[in-house]
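In what follows, a structure is listed as structure tokens, so that the remarks can point back to it.
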Amino acid sequence: GLDLRGITLHGAELAGARLAGVDLSWASLVGTELGQADFRGSNLRRADLSRAKLAEAKLDHCDASRAEFSGADLQNASFKQAKLTGAVFVDAAASSCCFDSARLAKANFLGANLTDANFFNADCSSSNFDSGALESLPVRPVKTAGSFVDLLRDDFEQRVGLHAIG
């Protein structure tokens with residue numbers, strides 16, 4: 001696939017873009033409009049998608065380990081079977097988001113809106129959630145061992161052995 005490692009596209013208008021299989025590792029897509037974009041099978045490791053607009057985007061089978069989704073609009077986005085180990089979803093709008101069979105170990109969901117999110121068969125071991133968030137999910141993760149509640153970002157990352165993405 002196309003190699004766009006480390007590219008910077010702050011605030012770009014890329015709604016509906018076809019980026020399946022593209023290497024966007026370490027890319028900076030802060031505030032970018034990516035609604036309905038297709039990232040299936042893409043490499044988004046350590047990409048910064050904070051405040052990006054990803055409503056209805058398809059991120060199935062992508063590797064977004066340690067990616068930054070803080071403050072992003074992820075409503076109705078799909079992360080089926082995605083690798084999201086250590087991903088950051090702090091204050092993300094992830095209502096009706098699909099995390100079906102995703103690997104979310106050490107992911108941080110502090111302050112995220114997870115209303116009607118689907119975590120069927122998801123692994124959320126050692127992840128961080130708001131108090132009561134897991135209990136209110138309509139489809140809960142299959143694995144939540146070692147999960148945390150209400151830990152601030154620095155405290156959480158220190159406890160699970162992650163370092164802030166700088």
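Each residue takes its place number in the sequence, starting with 1.
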- With no hydrogens and no angle check, do the side chains of His10 and Ser28 hold a donor and an acceptor under 3.5 Å apart? yes
- Query: Counting distance only, does the side-chain N/O of Glu13 pair as donor-acceptor with the main-chain N or O of Ala15 below 3.5 Å?
  - Reply: no
- Query: Considering all heavy atoms of both residues, which atom of Ser147 and which atom of Cys124 are nearest to each other, and what is their separation?
  - Reply: OG-O, 3.0 Å
- Message: Let's go through Asp60 and Lys58 carefully: what are the C-alpha distance in whole Å and the side-chain angles of both, what is the deciding distance for salt bridge (charged side-chain N to carboxylate O under 4.0 Å, His left out) to 0.1 Å, and is it a yes or a no?
- Response: CA-CA 6 Å; Asp60 304 336; Lys58 295 195 178 357; over 6 Å; no
- Rounding to 0.5 Å, atoms OG (Ser25) and CG (Leu44) come to a distance of 8.5 Å
- Message: Can you tell me how far apart CG (Asp154) and CG (Leu152) are? Round to the nearest 0.5 Å.
- Response: 8.0 Å
- Message: Are Leu14 and Leu54 connected into the same hydrophobic cluster when the rule is that any two of I, L, V, M, F, W, Y join if their side-chain heavy atoms are below 4.5 Å apart?
- Response: yes
- Query: With the 4.5 Å side-chain cut-off for hydrophobic clustering, are Leu59 and Leu29 part of the same group?
  - Reply: yes
- Item | Which atom of Asp150 lies closest to which atom of Asp130, heavy atoms considered | OD1-CA, 3.3 Å
- Message: Is there a continuous path of hydrophobic side-chain contacts, each under 4.5 Å between heavy atoms, that joins Leu137 to Val139?
- Response: no
- Separation of Asp23 CG from Ile7 CD1 (nearest 0.5 Å): 11.0 Å
- Message: Regarding Arg45 and Glu68, does a basic nitrogen lie under 4.0 Å from an acidic carboxylate oxygen?
- Response: no
- Note on the structure: Residues pairing under ring pair (Phe, Tyr, Trp, His ring centres under 6.0 Å) where one sits in residues 41-77, two or more places apart or in two chains, turn out to be Phe69-Phe79, Phe69-Phe89
- Derivation and outcome, side chain to side chain contact (heavy atoms under 4.5 Å, CB included), residues Trp26 and Arg46: CA-CA 5 Å; Trp26 293 91; Arg46 289 199 176 241; 2.9 Å; yes
- Grab the two heavy atoms, one from Gly146 and one from Phe148, that are nearest each other, plus how far apart they are. O-CE1, 3.3 Å
Return all side-chain donor-acceptor pairs below 3.5 angstrom for residues 91-100, not counting sequence neighbours, or 'none' if the list is empty.
{"residue": "Ser95", "atom": "OG", "partner": "Gln75", "partner atom": "OE1", "Å": "3.4"}

- Query: Taking atom NZ of Lys106 and atom CG of Asp123, what is their separation to the nearest 0.5 Å?
  - Reply: 11.5 Å
- Message: By the definition side-chain contact (heavy atoms from CB on, under 4.5 Å), identify the one residue from Val88, Asn128, Leu104 that meets it with Phe109.
- Response: Leu104
- Heavy-atom closest pair (Ser70 atom, Arg153 atom, distance to 0.1 Å) is OG-NH1, 3.8 Å
- Task: Supply the atom-to-atom distance Leu74 CG to Lys53 NZ, rounded to the nearest 0.5 angstrom.
- Result: 12.0 Å
- same_hphob_cluster(Leu151, Leu162) at 4.5 Å side-chain heavy-atom cutoff: yes
- Task: Please round to the nearest 0.5 Å and tell me the distance separating atom NZ of Lys83 and atom CG of Asn43.
- Result: 10.0 Å
- For atom CZ of Phe120, is the number of surrounding heavy atoms from other residues, nucleotides or ligands below 6.0 Å larger than 12? no
- Message: Run the side chain to side chain donor-acceptor pair (under 3.5 Å) test against Arg40 and tell me which residues pass, sequence neighbours left out.
- Response: Asp38
- For Leu24 and Ala47, the nearest pair of non-hydrogen atoms, with its separation, is O-CB, 3.7 Å
- Item | Distance-minimising heavy-atom pair for Ala27 and Leu4 | CB-O, 4.4 Å
- Query: Would you say Leu49 and Val22 are hydrophobically clustered, going by side-chain heavy atoms of ILVMFWY under 4.5 Å?
  - Reply: yes
